[in-house]
Amino acid sequence: MPGTSSELGRQEQALQVKQKLLATREALAEKDPDSSNSDLANSFYEKGIGLERLGRYEEALQVFQRTVPIREALAEKDPDGLNPLIADSLHCIGHCLDRLGRHEEALQAFQRLVPIREALAVKDPDGFNPVLADSFHLMGLYLEQLGRYEEALQALQRAVSITEALAEKDPDIFNPYLAESLRIMSQVLEKLGT
């Protein structure tokens with residue numbers, strides 16, 4: 001979230017511009033959906049990011065939810081190009097739901113995106129294993145918040161396994177993430193032991 005009133009003002013201005021862009025792209029998509037829907041989905045996504053930065057999670061959630069069906073329809077023609085974007089939209093939906101205290105729904109968003117990211121990581125491990133590890137980490141966190149400790153442990157074990165491999169190649173970047181997953185995993189194990 002922006003820190004100063006000046007930063008907040010610029011974020012609000014950027015959001016207003018994104019809204020104008022979105023309205024323009026909606027008009028274009030009405031006339032020519034085949035060539036404009038990708039831009040329309042991107043505009044919804046960017047507006048959602050702007051709202052999320054301002055802490056307006058309910059509004060951001062509604063906007064992100066508009067991106068998924070558009071991107072899913074586009075993915076029928078270009079799954080390799082659109083599936084990463086679908087996963088990103090679902091990630092943002094899950095984040096907003098979590099911020100709104102709707103942990104079960106956040107978990108459902110991550111349960112939808114993990115298989116997408118797993119398939120992407122098979123094709124491009126270097127490109128997608130970091131976000132896959134993060135997805136398992138967050139899924140484990142949501143499961144822990146819901147008291148579903150066995151499932152949380154499984155998700156966190158997957159996050160740790162992937163992150164350990166990443167940390168072998170680049171410890172400076174991935175060891176902090178590994179440490180956080182291990183910390184949460186130890187908490188889950190303690191709860192399972194009581």
Side-chain angles (χ1 to χ4, degrees), residues 1-4 7 11 42 45-46 48-55 57 60 64 67-68 71 75 79-194:
M1 227 192 294
T4 67
E7 290 171 353
Q11 293 291 329
N42 292 339
Y45 184 82
E46 289 301 320
I49 295 292
L51 288 163
E52 194 175 25
R53 284 184 182 140
L54 292 168
Y57 298 110
F64 286 131
T67 67
V68 174
R71 287 177 168 173
D80 290 340
L82 273 294
N83 279 342
L85 301 177
I86 293 168
D88 289 346
S89 295
L90 290 168
H91 182 105
C92 291
I93 288 168
H95 179 257
C96 289
L97 288 164
D98 177 60
R99 291 294 190 165
L100 293 167
R102 295 161 58 183
H103 304 299
E104 183 68 44
E105 292 171 87
L107 174 62
Q108 291 169 5
F110 274 79
Q111 288 172 326
R112 280 185 67 195
L113 79 86
V114 163
I116 297 169
R117 286 187 169 162
E118 283 179 309
L120 293 166
V122 167
K123 293 180 180 180
D124 181 7
D126 291 338
F128 289 100
N129 272 340
V131 291
L132 179 60
D134 182 58
S135 299
F136 277 117
H137 172 88
L138 290 171
M139 197 161 76
L141 190 59
Y142 299 148
L143 286 160
E144 181 202 18
Q145 291 168 340
L146 294 166
R148 294 165 58 180
Y149 302 123
E150 285 291 344
E151 293 169 88
L153 180 60
Q154 292 173 10
L156 290 164
Q157 286 171 331
R158 291 286 308 273
V160 166
S161 174
I162 296 166
T163 309
E164 282 177 332
L166 293 167
E168 284 180 20
K169 295 178 184 176
D170 198 342
D172 291 341
I173 291 180
F174 292 106
N175 273 338
Y177 296 103
L178 177 59
E180 184 59 16
S181 289
L182 289 168
R183 183 186 70 77
I184 295 169
M185 192 164 79
S186 71
Q187 290 175 340
V188 168
L189 285 165
E190 286 174 352
K191 290 175 182 174
L192 283 168
T194 57

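Side chains included, hydrogens not; waters and symmetry mates left out as well; all remaining heavy atoms used. These figures come from a predicted structure and were not determined experimentally.
From Asp134, atom CG reaches atom CG of Asn129 across 12.0 Å, with rounding to the nearest 0.5 Å. Atom CD1 in Ile162 sits 12.0 Å away from atom CD in Gln157 (nearest 0.5 Å).
Just one of Arg102, Gln108, His103 meets the side chain to side chain donor-acceptor pair (under 3.5 Å) condition when paired with Glu105; it is Arg102.
Between His95 and Phe110, the closest heavy-atom pair is N-CE1, 4.3 Å. When all heavy atoms of Glu144 and Val188 are compared, the pair lying nearest together is CG-CG2, 3.9 Å.
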Full working for side-chain contact (heavy atoms from CB on, under 4.5 Å) between Asp98 and Leu138:
CA-CA 10 Å; Asp98 177 60; Leu138 290 171; over 6 Å; no

Verify side-chain contact (heavy atoms from CB on, under 4.5 Å) between Arg71 and Asn42, making sure each step is shown before the conclusion.
CA-CA 9 Å; Arg71 287 177 168 173; Asn42 292 339; 2.9 Å; yes

Yes or no on side-chain contact (heavy atoms from CB on, under 4.5 Å) for Asp126 and Lys169, after CA distance, side-chain angles and deciding distance?
CA-CA 10 Å; Asp126 291 338; Lys169 295 178 184 176; 3.5 Å; yes

So Leu146 and Glu151, side-chain contact (heavy atoms from CB on, under 4.5 Å) or not? Walk me through it.
CA-CA 10 Å; Leu146 294 166; Glu151 293 169 88; over 6 Å; no

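At least one donor-acceptor pair closer than 3.5 Å links the side chain of Ser186 to the backbone N or O of Arg183. At distances below 3.5 Å, not a single donor-acceptor pair connects side-chain atoms of Arg158 with backbone N or O atoms of Phe136. Remark: the backbone N or O of Val131 is paired with a side-chain donor or acceptor of Ser135 at under 3.5 angstrom.
Within the 4.5 Å cutoff, side-chain heavy atoms of Phe64 are placed close to those of Ile49.
A 6.0 Å sphere centred on CZ of Phe128 holds more than 12 heavy atoms belonging to other residues, nucleotides or ligands.
Glu180 and His137 share no side-chain donor-acceptor pair at under 3.5 Å.
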